[in-house]
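Contents: one structure, followed by commentary.
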Amino acid sequence: RRISEMGAQQMLLDTQSIKKLLLEMPGIGEKTPTPAPSTYTKFVQTEMSKAEMLLKVIQSPADTLVECYQSFIPEGSAADLQKIMELKGLKKGEQQGMLESWKASFQRGGKTFQRLFSMNRSQEGVIPSIHHHF
């Protein structure tokens with residue numbers, strides 16, 4: 001299903017609210033709230049920031065999508081980018097051009113596209129189960 005820029009913006013706000021609630025949750029019901037364990041806080045912040053970065057990329061305009069993807073999800077794979085473009089509702093022709101642009105950026109940066117994918121990054125991407133959540 002397609003997620004519009006406005007929809008991504010609302011989901012980002014919702015994600016930030018959920019993150020805040022999760023961080024406050026360990027102290028709910030206590031007369032004197034104690035801080036959550038640092039491991040819990042770090043886990044919540046790390047995992048929720050992944051969702052926030054993904055939504056920021058989805059929220060970006062199509063003409064800056066590749067740059068935003070590289071900035072917010074630098075460890076992402078071609079498969080991840082493809083899923084994001086599908087969520088944005090981009091046409092196959094647009095997607096192909098953006099994938100080529102993304103691949104070319106690795107060649108310009110001194111990394112080879114082939115080397116990255118020999119490590120199975122396309123099979124174990126940053127967002128492998130995105131289709132299950134949206």
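Keep in mind that this is a model prediction, so the values were computed, not measured.
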Mind checking whether [X] and [Y] have side chains closer than 4.5 Å, heavy atoms only?
| X | Y | result |
| --- | --- | --- |
| Met85 | Leu99 | yes |
| Asp80 | Leu54 | no |
| Ile84 | Ile73 | yes |
| Glu5 | Pro61 | yes |

Counting neighbours of CZ on Phe43 that are heavy atoms of other residues, nucleotides or ligands and sit closer than 6.0 Å, is the number greater than 12? no
Pairs of donor and acceptor atoms involving the side chains of residues 7-22, under 3.5 Å and at least two apart or interchain, shall be tabulated with distances.
unit_1: Gln10; atom_1: NE2; unit_2: Asp14; atom_2: OD1; d: 2.9
unit_1: Thr15; atom_1: OG1; unit_2: Met11; atom_2: O; d: 2.7
unit_1: Ser17; atom_1: OG; unit_2: Leu13; atom_2: O; d: 3.2
unit_1: Lys20; atom_1: NZ; unit_2: Glu24; atom_2: OE2; d: 3.2

With side chain to side chain contact (heavy atoms under 4.5 Å, CB included) as the test, would you mind laying out the steps for Gln70 and Ser105 before giving the verdict? CA-CA 9 Å; Gln70 291 170 321; Ser105 71; 2.3 Å; yes
Nearest heavy-atom pair of [X] and [Y]: which atoms, and what distance?
| X | Y | value |
| --- | --- | --- |
| Val57 | Tyr69 | CG2-CA, 3.9 Å |
| Met98 | Leu65 | SD-CD2, 3.7 Å |
| Arg2 | Lys88 | NE-O, 3.1 Å |

If you measure from [atom1] on [X] to [atom2] on [Y], what distance do you get to the nearest 0.5 Å?
| X | Y | atom1 | atom2 | value |
| --- | --- | --- | --- | --- |
| Ser77 | Trp102 | OG | CH2 | 6.0 Å |
| Ser101 | Leu81 | OG | CG | 9.0 Å |
| Ser4 | Leu87 | OG | CG | 11.5 Å |

Using only atom types and a distance under 3.5 Å, with no angle test, would you say the side chain of Ser71 pairs donor to acceptor with the backbone of Glu67?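 Absent.
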Can you get from Val44 to Met53 by hopping between Ile, Leu, Val, Met, Phe, Trp and Tyr side chains that sit under 4.5 Å apart? no
Is there a continuous path of hydrophobic side-chain contacts, each under 4.5 Å between heavy atoms, that joins Ile3 to Phe72? yes
With salt bridge (charged side-chain N to carboxylate O under 4.0 Å, His left out) as the rule and sequence neighbours excluded, what pairs involving residues 26-48 come up?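 As it turns out, the salt bridge (charged side-chain N to carboxylate O under 4.0 Å, His left out) pairs with a partner in residues 26-48, which skip direct neighbours, are Glu47-Lys50.
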Begin with the C-alpha distance, continue with both residues' side-chain angles, and end with the deciding distance and a verdict on side chain to side chain contact (heavy atoms under 4.5 Å, CB included) for Leu23 and Gln45. CA-CA 8 Å; Leu23 291 171; Gln45 290 173 337; 4.3 Å; yes
Check this for me, if you would: do Glu100 and Lys103 make a salt bridge, where the nitrogen-to-carboxylate-oxygen distance has to be below 4.0 angstrom?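 Yes, charged N to carboxylate O under 4.0 Å.
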